[in-house]
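Because the structure is a prediction, the values reported are computed rather than measured. In what follows, chains carry the letters A, B, and so on, assigned in the order in which the sequence lines appear, proteins first and then strands, with residues in each chain numbered from 1. The analysis underlying the following values was restricted to heavy atoms, covering all of them including side chains, and did not include hydrogens, waters or symmetry mates.
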Amino acid sequence: MDERIMKCFFATIAVITIMALSGCASSFGRRDVKQSASIVSYLFPNASETPKMNTGVTYLRPPVRVGLAFVPTAARSSELPEAERIKLLERVRDSFMRAPYIGSIEIIPTAYLRPAGGFADMGQVARMFNVEVMAMVSYDQVQFNDSNALSFLYWTIIGAYVIQGDQYDVRTMLDVSVFDVTSRTLLMRAPGTSQVNGSATLAGYSARARQAQIEGYNKAVDALAPALQTELDRFRERIKTEANFRVEAKPGYRGGGSVDWLSFAVVALVVLGWWAARRRKTDDVISGIPAKAQTP
Amino acid sequence: MQTDQYQRVLAIAALTALVGLAFAPEPTQLALAWERSTIFGGQFWRLWTAHWVHFSMAHALVNIAVFVAACTVAAATLGARFIGWAIFIVSPVISIGLLITSPTLVEYRGLSGLATAMTVAALYGLAYAHRSLRWVIAVLAITLLLKLVAEANGLTFSSHIHSLPEGASVEWRAHLIGALSAIIYALSRSLRIMIRPAHANLP
């Protein structure tokens, strides 16, 4: 009798434990994670106002000073850390630097920009950092989280540390939009996308997912760099032909070796002197003046 | 082919190339011009070819005329081989000098840096070969030097024969580096001749 009661007791404990662990496993069901920063929300925070068309001429003065920043959003704990943002911006900066008409690029920390600050905020930051053009990096990243068939083994407790029963699919899009601060004109834009898939254990899921998010941004920058280079080259051709762009190079941007009248006169006199000296030497030879007596 | 004929053929070929490039389309000129970012990107030929392209026909023809005149005198007094070596060595010296001394310069074209170097070399050669002209040559050399110093300080003694395109300015550093290169050559040659008079006939 006692033995039967003990067996029932332990069976009940086992059932309760299994149910509890199953409950734990199901309570770890993760929601999809989304991070985004929209350039439109930043520049046109008041969606009811229609943006005005810029019909004027955009003046560009190469070499251009460029400010590079991420579009700011309201602070959230899931957003990309500032240190990672700076690293990504440094990589984007390297792509920009290859263009000959870009003089300098200033990386602007996100803290200097106000969420939904609009063109006024952009202008303020541009004046602060003394830049003429702002390159704003907007992003949209979605992380899909699913469990696979192996996740039922989490109830074994050891399975939570060993079995990779959770999967992540991180899709990232980066977009660089370049604006002339004075005329508020969009000069060019270039996108970069990436997709990172993987799986992780229950215990190690958060760390792997965070790494995947950062990897997603890095791969998006890898895709962005050639697209940006193509757009920079295309822009260089566009400004030569489009009437609404006027290029006024800063002093010292283009140099030419040029001759003035004084140099021309000096060279002319050198040639004349040489010709006269040669002719006198020839005359001396013809008239039989000995070589020693000739003026060297 | 004898050496003289060979040198003459080379000179004619070089002059033809120079004049031909003056008529070349803009993409060709751009592919050969001095551009800071592309040189650092590995397109090192621009260190030499930048001096052979110009912004306009007038820019090219005036520079070529002065360059040929200076080369004629320099070749007659210092030897034709000197011209070849001078162009080969001074071209990248000027280009690299611009990379270092003009950090804001993005694009450069023009032969006048080399032309200035040849003018100074011609003055030296003339002074060495025709000692009766030394005082005249000294005056011309001082005039050229004063012009370079004035350019470096933003002053102009006389107007330019042609105008550069909008946004382009005269790059006086190219003239100065060319002149200094020729001065260094002249001093080293004079020193060599002083030590070994037998080297007087060598370039």
Side-chain angles (χ1 to χ4, degrees), chain A residues 59-65 94-105 229 232-233 236-237 239-241 246-284 293-296, chain B residues 34-38 41 51 54-55 59 62-63 65-66 69-70 72-73 76-77 94 98 102 104-116 119 122-123 126 129-133 136-137 140 143-144 147 156-162 164-171 173-175 178:
Chain A
Y59 289 91
L60 295 169
R61 304 190 69 223
V64 178
R65 292 188 301 273
D94 292 341
S95 302
F96 265 110
M97 282 307 281
R98 285 183 213 138
Y101 49 84
I102 291 183
S104 63
I105 300 176
Q229 196 54 48
L232 285 167
D233 293 338
R236 192 180 183 185
E237 292 307 312
I239 58 176
K240 287 179 192 170
T241 52
R246 197 76 49 81
V247 177
E248 294 172 350
K250 290 186 184 113
Y253 170 66
R254 274 173 119 194
S258 181
V259 175
D260 62 355
W261 286 110
L262 187 62
S263 305
F264 193 82
V266 166
V267 172
L269 286 171
V270 165
V271 173
L272 203 64
W274 167 71
W275 179 77
R278 261 191 71 179
R279 196 163 168 199
R280 193 160 68 174
K281 206 171 184 177
T282 312
D283 289 347
D284 285 346
Q294 289 173 17
T295 313
Chain B
W34 185 102
E35 260 190 20
R36 175 176 294 274
S37 58
T38 50
H51 306 280
H54 297 82
F55 288 112
H59 185 205
V62 169
N63 278 2
V66 170
T72 305
V73 178
T77 51
I94 294 174
L98 289 176
S102 300
T104 57
L105 185 65
V106 172
E107 185 185 348
Y108 170 82
R109 304 182 200 182
L111 193 54
S112 67
L114 269 180
T116 306
T119 303
L123 281 168
L126 206 56
H130 302 282
R131 289 170 201 262
S132 60
L133 293 174
V136 175
I137 290 163
L140 290 176
T143 308
L144 198 59
K147 187 208 93 117
T156 45
F157 270 147
S158 67
S159 58
H160 287 270
I161 298 173
H162 60 85
L164 291 170
E166 199 180 328
S169 52
V170 174
E171 190 50 50
R173 292 172 189 85
H175 301 163

Q: For B/L105 and A/G255, work out which heavy atoms get closest and say how close.
A: CD1-N, 3.3 Å
Q | B/T104 portion near chain A, given a 4.5 angstrom heavy-atom threshold | A | both
Q. Is the CZ atom of A/R65 crowded by more than 12 outside heavy atoms at less than 6.0 Å?
A. yes
Q. Are side-chain heavy atoms of B/K147 and A/D260 found at a separation under 4.5 Å?
A. yes
Q.
Which heavy atom of B/F55 sits nearest to which heavy atom of A/G256, and what is that distance?
A. CE1-CA, 3.8 Å
Q. Any side-chain heavy atom of B/S132 sitting closer than 4.5 Å to one from A/R280?
A. yes
Q | Residue B/R109 versus chain A: region with a heavy atom under 4.5 Å | A | both
**Q.** Listed partners of B/Y108 passing ring pair (Phe, Tyr, Trp, His ring centres under 6.0 Å), at least two apart
**A.** none
**Q.** Residue among B/S112, B/A122, B/G110 with most heavy-atom pairs under 4.5 Å to chain A
**A.** B/S112
Q. Side chain, backbone, both or neither: which part of B/A174 has a heavy atom under 4.5 Å from chain A?
A. neither
Q. Yes or no on side chain to side chain contact (heavy atoms under 4.5 Å, CB included) for A/V270 and B/L126, after CA distance, side-chain angles and deciding distance?
A. CA-CA 8 Å; A/V270 165; B/L126 206 56; 4.1 Å; yes
Q: Grab the two heavy atoms, one from B/A70 and one from A/V267, that are nearest each other, plus how far apart they are.
A: N-CG1, 4.2 Å
**Q.** Over all atoms of both residues, closest heavy-atom pair of B/E35 and A/R236
**A.** OE2-NH2, 3.2 Å
Q | Part of B/T116 within contact of chain A (heavy atom distance under 4.5 Å) | A | neither
